[in-house]
Protein chains: 2
Amino acid sequence: MLSTVNHAHSAFAAVAGMKPQLSTLDEVFASVPRESLEVGEGLFWQGDRAQHVFEVTEGVLRIFKIIGDGRRVITGFLYAGDMVGLSLKDIYIYSAEAVTPVKVRRLTRKAFQDAIENAPELRPQLFALLCDEMAAAQDQMVLLSRKSAEERVCSFLMLIARRMHGAQQIGRIIQLPMSRQDMADYLGLTIETVSRTITRLISRGVITPNGRHAFDIAKPGKLLALCGDGDSYEDLCEGSLKTRQAVWPH
Amino acid sequence: MLSTVNHAHSAFAAVAGMKPQLSTLDEVFASVPRESLEVGEGLFWQGDRAQHVFEVTEGVLRIFKIIGDGRRVITGFLYAGDMVGLSLKDIYIYSAEAVTPVKVRRLTRKAFQDAIENAPELRPQLFALLCDEMAAAQDQMVLLSRKSAEERVCSFLMLIARRMHGAQQIGRIIQLPMSRQDMADYLGLTIETVSRTITRLISRGVITPNGRHAFDIAKPGKLLALCGDGDSYEDLCEGSLKTRQAVWPH
DNA sequence: CGGACTCTTGAAAACAGTCAAGGAAGGTGG
DNA sequence: CCACCTTCCTTGACTGTTTTCAAGAGTCCG
């Protein structure tokens, strides 16, 4: 896979010689020109030969799979700073489309692999990224497997709130660039259930609408409690957002 | 994480000089003595400091998470040859328990990382393993998000059938070492629904019971069709078990 | 002002969940 | 070897949440 003699290698070496040593993964993309995608435009499709790796520099992408009869499952939303296509198989195992206008940087798999090869200090970062992705996937399995509609929607709101305001800090305002249908396909619900659940959260004063695609979190404690993770607001304020402890006899 | 200047590197060079070159990942574990686990015994718990990486050499493990009020989600079953704890965070993000009597080999994270560090040809293998895990996780999200109880059970039976008889080949006999409750917690259903669904598959002649924990696949084509992936039996016989193509206009 | 979306709301239906009881299997001790 | 007990699995009746189907309201844009 990574093993063949690389022509690109010399190119990279030249770059490396002229530049200070790379120290973060996204610097690998620094020299690449940006490309733009319109709303709804696809970046690649499930089943395409996986030739590139991308970094999102602006906007939001949705990652999804389609099964036989047209059912769609959104497995994630990607924001600026996120990378796509890292789970390198020969073929993309999902599709990627722009939710908002998006800007990405593109690197061939080969160029990306060479860059990693030549900058060993990036490897742990890449590895950590994959592990985070895996952890997120598992949390999503928990959500889809055992959470009620309300718990799913609340979990989603918290997820976006966290993503918008840096890892630990939770802001009061949530921007939801995606449609209700996108939310439904991410949460394993129907559009109607999502809509009804949001309506109920509003009427109970947990969140306050701010247009149709933004909300204020009126009662953060309540919202967190409704996520069904056994988290309390105090936990959150103590900044203990690290992986949850088992609630199980050791 | 791995970023500090590594003393380990020189140590490795020494080892590399003395040992034949490693060429597959599980050889890394070759020299380690086996440990045994009884049925139901835990290997590690969600929240523990993640100090080891394991290889299963015999038996079946279940990997699961528990949320607040005791709901359990099984995120995977591991068979001989599988590795556990690769998604290295500082803390295990899930628990692992023996479904059957299990034998494992244990390596400290550090030893494992050094081995990888010193045998660069293993890196793509490790990477590929993580990618497979990710692909499996996404398939599971599709299952949990959009499949009916029957589709879930059939998908599970096919998964186990494949696992038992090598990647491509599908055997006629399915051994299910885990309890109905385990299946339910893996499929996001209740034990009653799993039981009823299996009963219905039997009465329709799709599968034939062979004790309570083994089945014959009487109608493989039918079973495959019931998975809800849009697969047909012909597809399968052509050996095209690679990642599914998009059924979507490009 | 229309027209096309997207979102919300209502009523009815369906699927899976809950509660409850009975059966099969396996293990232990007499 | 059998009786007993426990555990796991199956089955039935009922409930409830979410889906489905259908219609109406809100928003965006020409």
Side-chain angles (χ1 to χ4, degrees), chain A residues 38-40 62 69-74 99-101 143-157 175-204 207-215 226 228, chain B residues 38-40 62 69-74 97 99-101 143-157 174-204 207-215 226 228:
Chain A
E38 318 255 304
V39 171
R62 65 176 160 254
D69 51 354
R71 286 174 280 188
R72 185 181 74 160
V73 177
I74 294 182
V99 170
T100 66
L143 179 144
L144 295 170
S145 194
R146 290 285 179 236
K147 288 189 178 177
S148 68
E150 184 172 84
E151 288 171 334
R152 293 182 198 201
V153 170
C154 291
S155 298
F156 182 69
L157 294 176
Q175 287 284 347
L176 298 177
M178 66 291 295
S179 70
R180 296 284 191 270
Q181 185 63 63
D182 283 343
M183 291 179 55
D185 287 346
Y186 181 66
L187 297 175
L189 300 169
T190 59
I191 185 175
E192 293 95 334
T193 302
V194 170
S195 182
R196 276 188 254 268
T197 306
I198 290 178
T199 304
R200 215 169 309 129
L201 289 174
I202 292 170
S203 72
R204 281 199 273 156
I207 55 177
T208 317
N210 216 313
R212 270 210 292 209
H213 290 278
F215 297 91
L226 290 174
Chain B
E38 317 255 305
V39 172
R62 64 176 161 253
D69 51 356
R71 287 175 280 188
R72 184 181 73 159
V73 177
I74 294 181
E97 276 177 359
V99 171
T100 66
L143 181 145
L144 295 170
S145 193
R146 289 286 178 237
K147 287 188 178 178
S148 68
E150 185 174 82
E151 289 172 333
R152 293 182 198 201
V153 171
C154 291
S155 299
F156 182 69
L157 293 177
I174 313 174
Q175 287 284 347
L176 298 177
M178 66 292 293
S179 69
R180 296 286 190 267
Q181 185 63 62
D182 282 344
M183 292 180 54
D185 287 346
Y186 181 65
L187 297 174
L189 299 169
T190 59
I191 186 174
E192 293 95 333
T193 302
V194 170
S195 183
R196 274 189 256 269
T197 306
I198 289 177
T199 303
R200 217 172 307 130
L201 288 174
I202 293 170
S203 71
R204 282 199 274 159
I207 56 177
T208 316
N210 215 312
R212 270 208 291 210
H213 291 277
F215 298 91
L226 290 174

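As a basis for the values below, the full set of heavy atoms in this structure was taken, side chains included, without hydrogen atoms, waters or symmetry mates.
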Between [X] and [N], does any side-chain N or O lie under 4.0 Å from OP1 or OP2?
X         : N       : value
His213(B) : dC8(D)  : no
Thr193(A) : dT19(D) : yes
Ser148(A) : dT17(D) : no

Find the distance [X]:[atom1] to [N]:[atom2] and express it as a whole number of Å.
X         : N       : atom1 : atom2 : value
Glu151(A) : dT17(D) : CD    : C1'   : 13 Å
Ile191(A) : dC5(C)  : CD1   : P     : 14 Å
Arg152(A) : dT17(D) : CZ    : P     : 14 Å
Arg71(B)  : dT18(C) : CZ    : C1'   : 15 Å
Leu189(A) : dC7(C)  : CG    : P     : 15 Å
Arg200(A) : dC7(C)  : CZ    : P     : 18 Å
Ile198(A) : dT8(C)  : CD1   : C1'   : 11 Å

Point to revise | Identified side-chain contact (heavy atoms from CB on, under 4.5 Å) counterpart of Cys154(A) within the set Glu150(A), Glu151(A), Arg152(A) | key: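 Of the listed options, the one satisfying the test is Glu150(A).
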
Practice item. Pick base, sugar-phosphate or nothing for Gly188(A), based on heavy-atom distances below 4.0 Å to the nucleic acid. Key: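 Sugar-phosphate contact only - Gly188(A) comes under 4.0 Å of backbone atoms but never of a base.
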
Review point. Checking all strands, does Ser195(B) fall into the base, sugar-phosphate, or nothing category for heavy-atom contacts under 4.0 angstrom?
Key: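 Contact class for Ser195(B): base.
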
Practice item. Could you tell me whether the side chain of Leu226(B) reaches within less than 4.5 Å of the side chain of Leu201(B), counting heavy atoms only? Key: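 Yes - at least one pair of side-chain heavy atoms lies under 4.5 Å apart.
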
**Study point:** Sub-4.5 Å side-chain heavy-atom contact between Ile198(A) and Phe215(A)
**Key:**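 Result yes, sub-4.5 Å side-chain heavy-atom pair found.
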
Point to revise | Criterion side-chain contact (heavy atoms from CB on, under 4.5 Å) on Arg180(A) and His213(A), from CA distance to verdict | key: CA-CA 9 Å; Arg180(A) 296 284 191 270; His213(A) 290 278; 4.2 Å; yes

Check your understanding: Could you write nucleotides 21-30 of chain D as a row of B, S and -, 5' to 3', where a protein heavy atom under 4.0 Å of any base atom gives B, of only sugar-phosphate atoms gives S, and otherwise -?
Key -> B-----S---

Practice item. Strictly below 4.0 Å, heavy-atom distances to any atom of DNA chain D: list the hits from residues 176-186 of chain A, or just say none. Key: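 Here the set is empty: none.
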
Review point. Sub-3.5 Å donor-acceptor pair from the side chain of Arg71(B) to the main-chain atoms of Arg146(A), do we have one?
Key: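 Yes, because the side chain of Arg71(B) sits within donor-acceptor range (under 3.5 Å) of the backbone of Arg146(A).
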
Practice item. Say whether, by atom type as modelled, one donor and one acceptor occur between the side chain of Ser195(B) and the main chain of Ile191(B) under 3.5 angstrom. Key: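 Checked: no pair found.
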
Review point. Taking only residues two or more places apart in sequence or in another chain, which ones pass salt bridge (charged side-chain N to carboxylate O under 4.0 Å, His left out) with Arg62(A)?
Key: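 Arg62(A) satisfies salt bridge (charged side-chain N to carboxylate O under 4.0 Å, His left out) with Glu97(A), Asp182(A) only.
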
Review point. Please walk me through it: do Leu144(A) and Leu143(B) pass side-chain contact (heavy atoms from CB on, under 4.5 Å)?
Key: CA-CA 9 Å; Leu144(A) 295 170; Leu143(B) 181 145; over 6 Å; no

Review point. Atom CG of Asn210(B) and atom CD1 of Ile174(B): how far apart are they, to the nearest 0.5 Å?
Key: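 Nearest 0.5 Å value for the CG-CD1 distance: 10.5 Å.
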
